[in-house]
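Right, one structure below, let's go through it.
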Amino acid sequence: MPFYRMKLVFWLLDINYEFADSEPEIRLWGISEEGRRVLVIHRGFYSYFYVVPKQDMVQETMEKIENMRGRLSQIVGTEIVERKYFGKPLKVIKVVCKDPAVLEDYAKKISKLEQVERCLEYDIRYSMKYMVDNEVSPCSWHELEVEEVKEGPNAQVDAVYLAKEVPRKVERESSPELRVLAFYPIYYSKRGSPKPERDPVIMIATLNSSGEAKIFVSNGDDSEVIRGFTEYVREYDPDVIVGFESNQKHLLYLKERSKTLGVDFSITRTGTEIHTSAYGHISITGRANVDLYDFVEDIAAIKLKTLENVAEYFGVERPRRIREYEIPSYWDDPSKRKELKEYAAECSRSIMGVASSILDFAIQLSELVGIPLDHVGTAAVGFKVEWYLIKEAHKRGELVPERVERPYRPYPGAIVLEPKPGRHEKIAVLDFKSMYPSIMIAYNVSPDTYVPPEEIKESEDYYIAPEVNHAFRKEPPGFYKEVLSELLKARNQIREKLKSLDPESPEYRALDARQKALKVIANASYGYSGWIGARWYIKPVAEATTAWGRATIRQTISIAKEMGLELIYGDTDSIFVKYEPDKVKSFLKSVGEKLRMEIKVDKVYERVIFTEAKKRYAGLLPDGRLDVVGLEVVRGDWPDVARKVQRRVLEIMLREEDLERAKQDAISYVREFISELREGKVPYDDLIIWKEITRPIEEYKARGAHIEAAKMMIEAGWELEPGDKVGFVILKGEGKLYQRASPYFMASIEDVDLEYYVRNQVIPAALRILSVFGVKEEDLLSEREGLMAFL
DNA sequence: GCCAGGCGTATACCG
DNA sequence: ACCGGTATACGCCTGGCG
């Protein structure tokens, strides 16, 4: 049968590569326009690195490299090309190698030549290099000529093709219909965290995007659970496998458990094993493994990232509360086992529900920054920004700098004003739109426009940053200026278009997700510029940006004062002023003209309360909502008793017009609450204090309650890693706080030192607000206690 | 021996 | 493994003190 060529249009889901028969090949996994699952094999793309010679020795370097080719046998070609490095045009030598694994080694060897300044781009992974070089993007459509392969590699797809050319990006209305499978496993462990070599997987609940739910339950041998799940994955053949904590926990567990049991767990499209890959994600070749947890980590509003809380945040079905340590009691009791099954099914539904909100965003982010869908969530923000920059650099012929180790040296940041403590009426919050990106654009602040003092020339025009005096060329537009202008422009265009769309339409959802992705990258760009790990790190870039930021806000303040606006507070790029509509209007206009930066009214508080502290306040919005910033209410390391009391106190103090009456109401409320608390009439969960473990336990220098609680958990068989949160309560008894801490599930309300919660949690949280209005601790205690406190 | 005050450590927040 | 600025709690040490 003759092979025939055809045009293929496909959407790129996953990419990997093989090095077989001394030939590297790229494998592009995707979905065709017709909805077929396809594998496109691209042979003949050889990776490369650049050699930057001293510019008067280009030919000489070339000859030296040619002479080395006998030893460096993987080199298949060398070529002198023109590129830019930090904006400066250079002649460089492109060294192409067959085996991508040798790049770093060859680059190191060639770097030793005295004619060579440095080597570049030897440290970019082959599959990423392929995409950047050919402008191929994950989660987008491409077309190319292909030839069908009949005797292809083992792959669970409808067709395998050989690429006959480089794929070209094409525009299509939307993403293909993806087959999504949500899964949630349950393990049985009586002693702490489940261990794959010891504890069985008693259930795996699944739900697919067609609404089919299946649950695999152990009948005493969990091999059946894993086998059933594995077979089902192969049968349903999902494009996306979505879970909650699947990267850190579940997939590794299932892999290890299948090893222990000697049962097959090949859920990839190649029949190979899943494996840990870039940025710590688990790669399921041919499919995209998406862990919702990776995306939820960035949502600051969810304090404790349980599936229950995440589902609640997204407004989807949430599972009933069964905690990990309770699982054996459900499994072992025949009358409760059914409930555990329902719980697992609920978890899979919650995951699918949350996924339908998050996947659009993940897809857009993946397409924007160029990191494949399965690890765009695990890559830290800095790397997301960086891949976006790498893609943009390639389009401009800019070489990608090496990653180098540097010492950490802090530099000054933003200005925060002292607030005027007390209760204020009608306060407008005015802020600059994307201040740092706007500064970088306005003053052409960029790694390639920065001119060190010794290179300053009379003939050139510079922007000079205040305070720090760093100089940036006015022309031509720098790398950051170009990239940021495009990001902001794209986002504004999308936001404009969204106004004309139905919020329920798929197009709206996709575009809204797109504008959020653009926002993430634009907002992180200043942080990236000051990150010592950044490839494009130039300290003066970050230093100048904050210096212009400080100057901007200072000038804004003085204009406000000149115009007679009453200033209440300000932080970085915002000022809070008494809202006088006409004055504010002309103020905005004046600032916009004088500073060449757009300032706008962000919101107007009907009423707002400031204490003496910076970065902490609460305001009442026109729609009646309470906006709490920085205070205990929004801090995850205070127990709910304190947070709830403070929220209620704020509500009373902001909603009641008569300040004196508000004060009395608040005092009565707190007093009543305290007496209930003392009687133990509060939910036990409201007493739990959650704190993050930020490092391995043995690395702590200080003693603290959460660390002691963590030690107790470890002793009981729980595994705790940096990033985990420990929930503990303070018990009655003698000694330091840390001597009286206990993991919450090892104690009950009868053991709890309620007096500690009164004195050290509820009262401080309430007084944080009330002390501004002259309320003292004794006002919140009973008369007798108050008197005693007074004496 | 007690304790107030200062300092260091730790966490989580703001923009 | 994104920045600096900030608040706050608790542990621990130290100097003053009949």
Side-chain angles (χ1 to χ4, degrees), chain A residues 278-280 297-298 300-301 303-304 378-386 389 403 405-406 408-419 429 431-437 520-537 539 541-543 545-547 549-550 553 569-576 602 611-617 627-639 642-643 689-695 697 699-708 710 722-723 725-726 730 735-741 756 759-761 764-765 767-768:
Chain A
Y279 306 120
E297 271 188 314
D298 304 330
K303 301 297 162 187
L304 190 62
T378 57
V381 184
F383 295 108
K384 288 176 197 155
V385 172
E386 192 151 274
L389 291 176
R403 204 179 289 294
E405 261 194 64
R406 307 179 175 91
Y408 168 71
R409 299 222 193 283
Y411 60 89
I415 291 177
V416 189
L417 304 185
E418 293 287 346
V429 182
D431 66 5
F432 287 97
K433 268 177 141 179
S434 322
M435 188 167 90
Y436 288 151
V520 166
I521 300 306
N523 282 352
S525 57
Y526 152 71
Y528 174 83
S529 77
W531 173 38
I532 54 169
R535 288 174 186 266
W536 274 279
Y537 177 79
K539 195 177 165 208
V541 167
E543 235 173 358
T545 304
T546 57
R550 291 191 296 275
I553 202 76
Y569 177 64
D571 184 350
T572 311
D573 60 352
S574 70
I575 60 166
F576 292 51
D602 180 35
T611 71
E612 287 185 350
K614 296 170 173 180
K615 297 190 182 276
R616 317 187 111 203
Y617 56 90
D627 196 13
V628 185
V629 179
L631 292 162
E632 282 72 8
V633 170
V634 298
R635 291 187 61 105
D637 59 347
W638 282 70
R643 296 170 64 193
I689 302 166
W690 294 91
K691 274 196 163 80
E692 196 185 298
I693 296 292
T694 60
R695 65 199 83 170
I697 298 297
E699 283 176 27
Y700 279 95
K701 283 189 247 176
R703 288 183 167 255
H706 73 298
I707 307 164
E708 292 307 309
K725 286 210 174 177
V726 172
I730 299 298
K736 293 281 181 194
L737 216 55
Y738 65 80
Q739 293 165 312
R740 299 192 283 126
Y756 164 80
R759 300 276 176 172
N760 295 54
Q761 301 289 343
L767 279 184
R768 194 86 60 220

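Throughout, a chain's letter reflects where its sequence line sits, starting with A, and its residues are numbered from 1.
Proximity of Arg695(A) to the phosphate of dT11(B): a side-chain N or O atom is located under 4.0 Å from OP1 or OP2. Contact annotation: Arg703(A) side-chain N/O to dT9(B) OP1/OP2 distance is not under 4.0 Å. OP1 or OP2 of dT11(B) lies within a sub-4.0 Å distance of a side-chain N or O belonging to His706(A). At dT11(B), none of the side-chain N or O atoms of Lys725(A) fall inside 4.0 Å of OP1 or OP2 (strictly under the cut-off). The phosphate of dT9(B) (OP1 or OP2) has a side-chain N or O of Lys701(A) nearer than 4.0 angstrom.
The span of DNA chain C lying next to chain A, judged by atoms under 4.0 Å from heavy atoms, is bounded 5' to 3' by dA1(C) to dC12(C).
One can place CD of Glu297(A) at 13 Å from P of dA12(B), the figure rounded to the nearest angstrom. For the pair Ile693(A) CD1 and dT11(B) P, the computed distance is 7 Å after rounding to whole Å. Distance, Lys691(A) NZ to dA10(B) P: 13 Å, rounded to whole Å. Taking atom CD1 on Ile707(A) and atom C1' on dG8(B), their separation rounds to 13 Å, with Å as the unit. Rounded to whole Å, atom C1' of dT9(B) lies 16 Å from atom CD of Glu692(A). Atom CD in Glu708(A) sits about 14 Å away from atom C1' in dA10(B), given to the nearest Å. Between Ile689(A) atom CD1 and dA12(B) atom P there is a gap of 12 Å when expressed in whole angstrom units.
Between Phe383(A) and Trp531(A), the ring planes lie perpendicular to each other; the angle is over 60°, past the 30° to 60° tilted range. In this structure, Tyr569(A) and Phe576(A) have perpendicular ring planes: the angle between them is above 60°, well past the 30° mark.
Counting non-hydrogen atoms under 4.0 angstrom, Tyr436(A) reaches nothing in the nucleic acid. Backbone-only engagement by Lys303(A) is indicated by non-hydrogen atom pairs under 4.0 Å involving sugar-phosphate atoms exclusively. No contact: Phe576(A) has no heavy atom under 4.0 Å from any strand. Counting any heavy atom pair closer than 4.0 Å across all strands shown, Thr694(A) reaches sugar-phosphate atoms only and no base atom. Within the nucleic acid shown, Gly533(A) has no heavy atom closer than 4.0 Å to any nucleic acid atom. Among the atoms of the strands shown, none is found under 4.0 Å from any heavy atom of Asn523(A). Heavy atoms of Tyr537(A) sit nowhere under 4.0 angstrom from any nucleic acid atom. Across all strands, Arg768(A) comes closer than 4.0 Å only to sugar-phosphate atoms, never to a base (heavy-atom distances). Gly382(A) comes within 4.0 angstrom of sugar-phosphate atoms only, judged by non-hydrogen atoms across all strands, and of no base. Base contact: Gly527(A) has a heavy atom under 4.0 Å from a base atom. Among the protein residues, Ala524(A) comes within range of the nucleic acid bases, having at least one heavy atom under 4.0 Å from a base atom. Contact annotation for Tyr279(A): no contact, since no heavy-atom pair falls under 4.0 Å across all strands. If you check every strand for non-hydrogen atoms under 4.0 Å, Phe432(A) touches nothing. The residue Arg550(A) sits apart from the nucleic acid: no heavy atom pair falls under 4.0 Å.
Counting non-hydrogen atoms of neighbouring residues, nucleotides and ligands closer than 6.0 angstrom, the CD atom of Glu297(A) exceeds 12 such neighbours.
In plain terms, the two heavy atoms of Glu708(A) and Arg703(A) that are nearest each other are OE2-NH1, 3.7 Å. In terms of heavy atoms, Ile553(A) sits closest to Ser574(A) at CD1-N, 3.7 Å.
In this structure, dG18(C) forms no base pair with any nucleotide, since neither Watson-Crick nor G-U wobble geometry is met with both distances under 3.5 Å.
Side chain of Arg406(A) to backbone of Ile532(A): a donor-acceptor contact under 3.5 angstrom is found.
Classification of dG15(B) as anti follows from a glycosidic angle more than 90° from 0.
With a 4.5 Å cut-off on side-chain heavy atoms, Phe432(A) and Asp602(A) do not count as touching.
Summary of the strand contacts: Ala705(A) and Arg635(A) both lie near DNA chain C, and taking for each the nucleotide with the nearest heavy atom, the more 5' one is attributed to Arg635(A).
Remark: the Thr546(A) side chain and the Tyr526(A) side chain contain no N/O donor-acceptor pair separated by less than 3.5 Å.
For the pair Arg695(A) and Tyr700(A), the cation-pi test (distance below 6.0 Å, angle within 45°) is passed.
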